[in-house]
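Below, all heavy atoms of this structure are taken into account, side chains as well, without hydrogens, waters or symmetry copies.
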Amino acid sequence: MRRVRDLLRSAVLRGAYPGGQLPGEPELMAAHGVTRATVREALALLRTEGLVERRQGVGTHAVAEAVLAPLAEAHGAADPGAGSVFDRRMRPRVLDRSVIPLPAVAADRLGARSGEPCLRLEYVALLGDEPVAMATNYVLFPEAERLRDVPFVSDWYALLAEAGLPLGESEFVLGCLPADAATAGLLGLAEGAPVVTMEQVIRAPGGRPFDLAHIHHRGDRFLLVSRLPRASAPR
């Protein structure tokens with residue numbers, strides 16, 4: 001059942017079904033070589049996840065589709081392609097934009113002094129009207145000075161570009177955690193739902209780290225795509 005669920009989830013999130021209409025139970029049974037009970041259990045799980053709706057006499061429809069984001073674009077290491085979610089399709093709802101003393105843990109990650117001034121910029125990223133991620137950034141000065149008053153209208157990398165701040169290197173630490181009540185409320189999730197976590201450090205071209213971000217992504221709406229060629233031929 002879990003294998004069927006995983007395959008159907010992948011198809012739903014990638015928009016594989018025209019008009020969002022999933023095949024009927026007999027077609028799914030034949031395609032996956034499983035019983036009707038297994039198909040129904042798999043569809044029930046997808047319904048619990050909020051990905052499909054089932055109506056008597058109508059069938060099963062996908063009610064969610066994810067955005068696929070190349071990992072290099074999510075890093076800010078590649079220019080966004082046409083139609084990319086990072087091609088100014090997102091907009092932020094700013095929660096906090098204030099100068100605070102740099103927390104000790106953030107200072108350690110950035111190689112800075114604890115308590116020195118930093119800009120804390122926290123926001124929810126919206127795609128259309130739907131929240132897909134939230135982020136809390138701790139930005140060191142002097143970069144913070146250039147970010148304080150620049151209008152924030154799209155994604156983080158567009159903001160850096162508007163402020164004239166080039167990006168030298170971007171590092172991600174990826175994980176997954178259950179959403180706490182506050183995060184769940186901001187992202188439109190049930191408390192305890194899984195969210196993809198990212199701890200990001202951005203460095204200037206000279207190698208100096210200036211931005212630490214803690215990011216929470218909706219894993220059912222925002223999928224990261226990574227593709228790399230093998231560095232060398234196998235021996």
R55/E53 ion pair, N-O < 4.0 Å: yes
Quick one: side chain to side chain donor-acceptor pair (under 3.5 Å) partners of E41, sequence neighbours excluded? none
Qualifying residues under ring-ring contact (aromatic ring centres under 6.0 Å, His included), relative to Y17, sequence neighbours excluded: none
Sorted by chain and residue number, the side chain to side chain donor-acceptor pair (under 3.5 Å) partners of R89 (sequence neighbours excluded) come out as none
Of all residues at least two apart in sequence or in a different chain, which pass the ring-ring contact (aromatic ring centres under 6.0 Å, His included) check with F141? none
Is a salt bridge present between R91 and D129, judged by a nitrogen-to-oxygen distance below 4.0 Å? yes
What residue among F210, Y157, W156 forms side chain to side chain contact (heavy atoms under 4.5 Å, CB included) with L167? Y157
Any chance CZ of R54 has more than 12 other-residue heavy atoms, nucleotides or ligands included, within less than 6.0 Å? yes
Apart from V153 itself, what residues make up its hydrophobic cluster, given side-chain heavy atom links below 4.5 Å? none
Rounded to the nearest 0.5 Å, what separates atom CD in E73 from atom CG in D79? 8.5 Å
Sequence neighbours excluded, which residues qualify as ring-ring contact (aromatic ring centres under 6.0 Å, His included) partners of H216? none
Ion pair present between R3 and D6, side-chain N to carboxylate O less than 4.0 angstrom? no
Mind running side chain to side chain contact (heavy atoms under 4.5 Å, CB included) on L121 and L159 for me, showing each step along the way? CA-CA 11 Å; L121 206 166; L159 178 65; 4.1 Å; yes
